[in-house]
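This report refers to the structure that appears directly beneath it.
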Amino acid sequence: MSLVGNGDVDDIEDIIKTAQDTDIRSGNKKHVVPKTRKYKTKGNVEQVDADSIIPGTQKVYVKTWGCSHNNSDSEYMAGQLAAYGYNIVDDKKTADLWLLNSCTVKSPAEDHFRNEIKLARDLDKYIVIAGCVPQGQPKADYMQGLSVVGVQQIDRVVEVVEETLKGHSVRMLGQKKESGKKQGGAALNLPKIRKNPLIEIIAINTGCLNQCTYCKTKHARGELGSYPPEEIVARAQQSFEEGVVEIWLTSEDLGAYGHDIGVTLPQLLWQLVEVIPDGCRMRLGMTNPPYILEHLPEIAKILNHPRVYSFLHVPVQSASDSVLMDMKREYCQADFRHVADFLKENVPNVTIATDLICGFPTETDDDFEETMQLVRDYKFPSLFINQFFPRPGTPAANMPRIHPPEVKKRTKKVSELFQSYHPYTHKLGEIQEVLVTEISHDKQYFVGHNKCYDQVLVPKDENLMGKLVTVEITETGKHFMKCRLVKDKEAKRPATVPPPLPKGQVSGFTPNDIVITHKGIWFFGLSMVVMAIAVIWRVYGMINQLIT
């Protein structure tokens with residue numbers, strides 16, 4: 001089925017009357033671009049694409065690339081669709097529509113996204129695309145004719161899916177503003193389906209204050225837009241009431257939170273700490289050095305709190321001041337070292353994760369050696385190593401590139417350095433308390449995290465999931481530790497937190513709510529049929545009377 005119509009609306013947001021309209025669908029119908037009806041045959045039966053589908057009865061497959069912010073967006077979109085009656089499925093081949101949520105950070109991620117679109121077309125699926133790729137480059141050839149949900153328009157996903165299933169092409173790419181000022185995005189109290197019922201991902205802001213020359217995410221997420229603290233705290237409270245035991249705060253730059261609304265990150269974090277139940281944990285997300293510098297003493301106190309992981313992700317990208325200047329990162333190597341040293345001195349066993357870009361266009365051999373020395377000095381337990389990829393439309397894409405084999409050589413060299421040390425060897429034999437929330441990739445273990453967010457592989461016992469467990473470390477590896485349970489210590493579920501929602505259940509809804517939604521759709525359809533029959537019968541009677 002072709003999804004290309006007579007053209008598509010660049011941004012249907014512009015033709016919404018007001019944000020307070022009670023039924024935004026009805027106001028938009030005339031603006032949706034219809035496609036020409038096409039007849040198909042399946043066996044000997046002739047079929048036609050038509051508008052007479054019953055909305056909310058189809059299967060939707062959701063796939064996500066990228067960061068935890070993207071994952072949270074997908075959870076919200078899946079939740080809204082399920083609450084409306086759509087069936088969210090894991091089997092892409094049985095789905096009627098594919099919702100593809102993209103990431104624009106690296107070229108390979110976009111390549112995978114492009115390939116998935118091609119596969120969906122080949123399989124004759126309806127397609128809705130979302131995320132940073134279509135938001136940042138909406139006119140890309142391979143996305144033409146497809147429906148788009150913008151990064152701040154995820155609360156409109158039901159409308160987009162509904163119209164797409166009718167063969168229309170819809171694009172919603174506008175920003176949410178109040179009094180002319182950018183907001184964080186869609187409301188945090190929307191329905192969602194958590195990928196992991198024990199973990200809530202909360203976006204506290206969108207966009208950033210930086211202008212990094214290599215980054216395309218700014219093209220999509222835009223300038224900083226922060227959610228009010230009370231909305232974030234309310235979302236956290238709701239999550240714990242639904243059985244969540246761990247919350248992740250996410251954004252493009254956590255440290256920049258509140259600069260646009262007159263609130264600081266520590267002010268928000270202290271409010272959140274107050275509502276985290278005993279036995280639950282909060283993990284802070286990524287923050288760039290410039291904005292965390294001003295809050296270091298408070299951040300250290302927060303990371304020491306028993307209900308907060310002693311973990312922070314602070315990307316350095318390069319240890320060369322000249323390269324950082326060309327990247328427009330707005331800090332120098334000394335700033336990063338100050339952040340790392342202060343936290344190490346004031347937060348026992350703190351874990352600092354960081355990112356590197358190898359082969360930025362202006363990086364010399366000496367520049368790269370400075371980065372190597374930084375890794376030697378800190379021996380980061382978590383290090384994300386990336387080759388430079390020129391992203392179209394960014395200033396760095398216009399710079400002369402380093403010869404690709406040299407970029408690969410540098411990437412291999414720093415990777416070998418990273419693999420040469422083992423950050424957990426000294427923890428062998430330690431007694432630790434870990435919160436068990438996940439399943440390992442090989443499905444052989446449960447995964448828990450200790451206070452400093454080290455990954456600990458726990459025996460796969462269903463009684464342990466979602467609980468605090470006391471363990472003894474019996475084996476260490478490069479990226480994990482293994483353990484045995486301390487027998488005289490009982491696994492503890494947070495006393496004030498109920499069991500988690502069943503996997504796939506919509507946050508804020510009960511199964512009965514969703515069934516009612518389905519029944520409501522069918523009842524509406526049946527009511528319309530009955531009404532039509534009554535009208536026809538009435539008209540027939542009037543005509544019969546005239547004839548008589």
Side-chain angles (χ1 to χ4, degrees), residues 62-80 99-106 109-110 112-113 129-136 148-157 173 175-176 182-196 199-210 212 215-228 231-232 235-236 239 244 246-260 265 268-269 272 282-288 291-292 309 311-315 353 355 384 386 391 507:
V62 182
K63 184 175 178 64
T64 311
W65 292 263
C67 64
S68 55
H69 196 162
N70 258 23
N71 278 277
S72 178
D73 287 351
S74 289
E75 290 180 348
Y76 276 122
M77 289 190 285
Q80 292 171 87
L99 173 57
L100 307 176
N101 192 4
S102 62
C103 173
T104 192
V105 171
K106 302 178 188 177
E110 184 173 346
H112 293 157
F113 173 62
I129 55 177
C132 292
V133 173
Q135 184 77 50
V148 179
V149 179
V151 295
Q152 285 201 302
Q153 300 297 320
I154 60 172
D155 53 342
R156 312 288 292 282
V157 67
L173 293 166
Q175 286 190 353
K176 293 200 179 297
K182 182 184 176 184
Q183 296 178 286
L188 294 179
N189 61 358
L190 291 170
K192 73 154 52 175
I193 295 178
R194 298 184 184 96
K195 184 177 180 181
N196 183 335
I199 298 175
E200 168 74 4
I201 306 171
I202 305 177
I204 66 172
N205 54 269
T206 187
C208 67
L209 296 172
N210 291 346
C212 301
C215 181
K216 187 121 190 210
T217 305
K218 183 66 175 276
H219 294 203
R221 297 282 183 179
E223 295 296 331
L224 182 67
S226 302
Y227 287 96
E231 294 182 15
I232 299 168
R235 183 70 211 187
S239 302
V244 162
E246 186 171 291
I247 59 173
W248 297 357
L249 303 188
T250 186
S251 72
E252 282 64 61
D253 189 346
L254 211 73
Y257 171 80
H259 278 242
D260 55 326
L265 178 62
L268 168 67
L269 297 180
L272 284 168
M282 176 170 69
R283 191 192 80 176
L284 305 191
M286 187 273 286
T287 177
N288 285 309
Y291 307 109
I292 206 67
Y309 286 118
F311 169 89
L312 199 61
H313 180 193
V314 188
D355 299 4
F384 303 95
N386 305 291
R391 305 300 291 128
S507 166

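Computed over heavy atoms, backbone and side chain alike; hydrogens, waters and symmetry mates excluded.
Looking at residues two or more places apart in sequence or on another chain, you find a side chain to side chain donor-acceptor pair (under 3.5 Å) between Glu246 and Trp248, Tyr309. For Ser72, the side chain to side chain contact (heavy atoms under 4.5 Å, CB included) test picks out Tyr76, Lys192, Ile201, with sequence neighbours left out. Listed by chain and residue number, Met77, Leu99, Asn101, Val149 satisfy the side chain to side chain contact (heavy atoms under 4.5 Å, CB included) test with Ala130 (two or more places apart in sequence, or in another chain). Considering only residues two or more places apart in sequence or on other chains, Glu110 meets the side chain to side chain donor-acceptor pair (under 3.5 Å) condition with Gln137, Tyr142, Arg391. A search for side chain to side chain contact (heavy atoms under 4.5 Å, CB included) contacts involving Ala203 returns His69, Thr250, not counting sequence neighbours. With sequence neighbours excluded, no residue forms a side chain to side chain donor-acceptor pair (under 3.5 Å) with Asn196. Residues meeting the salt bridge (Lys or Arg N to Asp or Glu O under 4.0 Å) test with Asp73, sequence neighbours left out: Arg221. Under the side chain to side chain donor-acceptor pair (under 3.5 Å) criterion, Ser102 pairs with no residue, sequence neighbours left out. Take Phe113 and apply the ring pair (Phe, Tyr, Trp, His ring centres under 6.0 Å) test, not counting sequence neighbours, and it matches Trp65. For Tyr227, there are no ring pair (Phe, Tyr, Trp, His ring centres under 6.0 Å) partners two or more places apart in sequence or in a different chain. For Met282, the side chain to side chain contact (heavy atoms under 4.5 Å, CB included) partners at least two apart in sequence or on another chain are Ile247, Leu249, Leu269, Leu272, Val273, Ile276, Leu284, Val308. Among residues two or more places apart in sequence or in another chain, the ring pair (Phe, Tyr, Trp, His ring centres under 6.0 Å) test is passed with His219 by none.
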